[in-house]
Amino acid sequence: MKKYIKKNLSNKYPTKDITLDDKKNKLPLSTSKKSKKVIDIGNGITFGLKQIPIIAGPNGVESQKLMEDVAKCLVKNKIKIIRGHAYKPLTFPYRSAKYKESKSQGMDIMDKIKKNFGLKVVTEITEIRYLDRVCKTADILQIGSRNMQNLELLRECALTKKPLILKRHFGASLRDMLGAAEHILVEGNSKLILCERGVSIPHTHRDTSRFALDIQAIPALKELTNFPIISDPSHASFWAPWVPSLTLASIAAGCDGLILEIHKNPKKSAVDPLQPLNFRDFTKLLKTSRSVAKSIGKKI
Ligand code: PEP
Ligand code: MN
């Protein structure tokens, strides 16, 4: 780490967006364009090449049955990465009786899914104390938007050497995001995937849409960094009917992967029931996504 600490790195002229000086002195690892960063997850899955891997699943690991139904839908559609959180921060501390973090039991369910369906697992890590359990099962750790600048968590996640998805906080500039990424890279872990998941703006065009997908962040990040950029239209819009358009727009904008929330019965989702696609709409979306990807020389 010392080798990156240079003299005269004062914050005398702080900026909002990234300057040439930032690139040279503060973000040398995240903005280096020396080599194309390809994150290989195994099982033929790579982020950062022509392939656009899709990570799909419910918000939370609600039950083994739900995860099995989701896994079957993914296998049928040749999607190789399942998501589902066993540890999950919520905006308010009060949880509905229906919703409980499944914690280590949820991770046990994900273990079974992994073994029985041959899928890779993405799950969120919320606190350092859960790292050991989560790392036993997860192929990729997701650092959620609310934890983007939880620097101690970033450091410990980096030290696991696992591939990491770093989600952009909904109020963070790209400078803030790449600054957070730099905290991971400086620890020697460059298996990093950056995720755009929507930002807070004055109008989100629907009272239940909390964020707006910042499509422009995709080409902007591509200009700045060589790490794969993925998009999460589900958490951005919070509204399933908008997810297909935003997915196709993300592919057209050059994303290197997607996170899509899906549920067997969205209305019954324990959290954010307006957001997940049902299996039929997901399957339909994959079809159009595959043709948009093909039209720009990529593959899903
Ligand atoms: C999620 O992936 O389920 C999630 C809540 O993401 P975010 O941190 O982007 O809100
Ligand atoms: Mn969610």
Side-chain angles (χ1 to χ4, degrees), residues 53-62 66-67 70 81-93 95-96 98-103 106-107 110 120-127 130 134 138-150 153-154 157 163-172 174 176-177 180-181 193-201 204 208-215 217-218 221 229-240 242-243 246-247 250 255 257-278 282:
I54 295 197
I55 300 161
N59 178 77
V61 182
E62 290 173 27
L66 172 66
M67 297 319 290
V70 168
I81 315 176
I82 193 164
R83 60 155 272 153
H85 303 330
Y87 301 89
K88 189 70 219 105
L90 292 180
T91 303
F92 297 105
R95 292 169 190 269
S96 75
K98 223 166 65 169
Y99 183 76
K100 281 197 224 71
E101 280 182 295
S102 50
K103 297 192 167 175
M107 293 314 300
M110 284 305 233
K120 297 285 177 185
V121 168
V122 172
T123 196
E124 178 160 350
I125 178 75
T126 52
E127 294 184 43
Y130 303 133
V134 169
D139 298 287
I140 305 177
L141 303 178
Q142 173 176 313
I143 297 161
S145 54
R146 288 156 188 83
N147 271 315
M148 187 196 85
Q149 284 181 321
N150 182 341
L153 181 67
L154 298 185
C157 286
L164 305 176
I165 291 176
L166 178 66
K167 285 189 139 191
R168 177 186 178 200
H169 184 270
F170 35 86
L174 301 188
D176 293 333
M177 187 196 205
I193 298 163
L194 302 168
C195 179
E196 163 54 31
R197 50 76 72 209
V199 288
S200 293
I201 58 167
T204 52
T208 54
S209 284
R210 293 201 276 165
F211 311 106
L213 186 66
D214 183 2
I215 286 281
I218 300 171
L221 280 166
I229 316 298
I230 66 171
S231 169
D232 179 345
S234 303
H235 288 85
S237 66
F238 258 68
W239 181 231
W242 293 354
V243 168
L246 297 175
T247 300
S250 298
C255 75
L258 285 151
I259 297 180
L260 294 171
E261 210 163 279
I262 66 171
H263 197 284
K264 171 134 199 232
N265 187 347
K267 279 198 191 114
K268 292 214 168 135
S269 174
V271 197
D272 304 334
L274 302 178
Q275 181 180 307
L277 292 174
N278 62 32
F282 174 63

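Along the sequence shown, the residues carry numbers beginning at 1. Atoms within a ligand are numbered from 1 in the order they appear, just like the ligands themselves. Atom set for the values below is all heavy atoms of this structure, side chains included, hydrogens, waters and symmetry mates excluded.
- Below 4.0 Å from some heavy atom of R146 lie the following atoms of ligand 1, by number and element: 8 (O), 10 (O).
- Atom numbering of ligand 1 starts at 1 in the shown order; those under 4.0 Å from a heavy atom of G144 are 8 (O).
- Regarding atom 6 (O) of ligand 1, its nearest protein heavy-atom neighbour is K167 NZ, 2.8 Å.
- With the Mn ion (ligand 2) as the vertex, OD1 (N59) and OE1 (E261) define an angle of 110°, rounded to 10°.
- Exactly one of L166, V134, L164 qualifies for a side-chain contact (heavy atoms from CB on, under 4.5 Å) with C157. That residue is L164.
- Within the 4.5 Å cutoff, the side chain of D176 has no heavy atoms near those of the H169 side chain.
- Of all atoms in ligand 1, listed by their number and element, those nearer than 4.0 Å to a heavy atom of N59 are 3 (O).
- Taking a cut-off of under 4.0 Å to the non-hydrogen atoms of R83, the atoms of ligand 1 that pass are 1 (C), 2 (O), 3 (O).
- With a 4.0 Å cut-off on non-hydrogen atoms, I259 does not touch ligand 1 at all.
- Under a cut-off of 6.0 angstrom, the local environment of NZ in K88 is crowded, with over 12 non-hydrogen atoms contributed by other residues, nucleotides or ligands.
- Annotation: atom 1 (C) of ligand 1 to nearest protein heavy atom, H235 NE2, 3.0 Å.
- Nearest to atom 8 (O) of ligand 1 by heavy-atom distance, out of A236, S145, G198, is S145.
- By the 4.5 Å heavy-atom criterion applied to side chains, L66 and H263 are counted as neighbours.
- Of all protein heavy atoms, the one closest to atom 9 (O) of ligand 1 is R197 NE, 2.6 Å.
- E261 and H235 share a donor-acceptor pair across their side chains, judged by distance under 3.5 Å alone.
- A 4.5 Å side-chain heavy-atom check between I125 and Y87 finds every atom pair outside the cut-off.
- In summary, the atoms of ligand 1 found under 4.0 Å from a heavy atom of Q142, numbered by their order in the structure, are 1 (C), 2 (O), 6 (O).
- In this structure, R210 forms no cation-pi arrangement with F170, as its terminal cationic atom is not both closer than 6.0 Å to the ring centre and no more than 45° off the ring axis.
- With respect to the salt-bridge test (charged N to carboxylate O, under 4.0 angstrom), the residues E196 and K167 do not qualify.
- In this structure, a donor-acceptor pair under 3.5 Å is absent between the side chains of T204 and S209.
- Here the heavy atom of the protein found nearest to atom 5 (C) of ligand 1 is K88 NZ, 3.1 Å.
- Checking H235 against the Mn ion (ligand 2), an N/O/S atom falls under the 2.8 Å cut-off.
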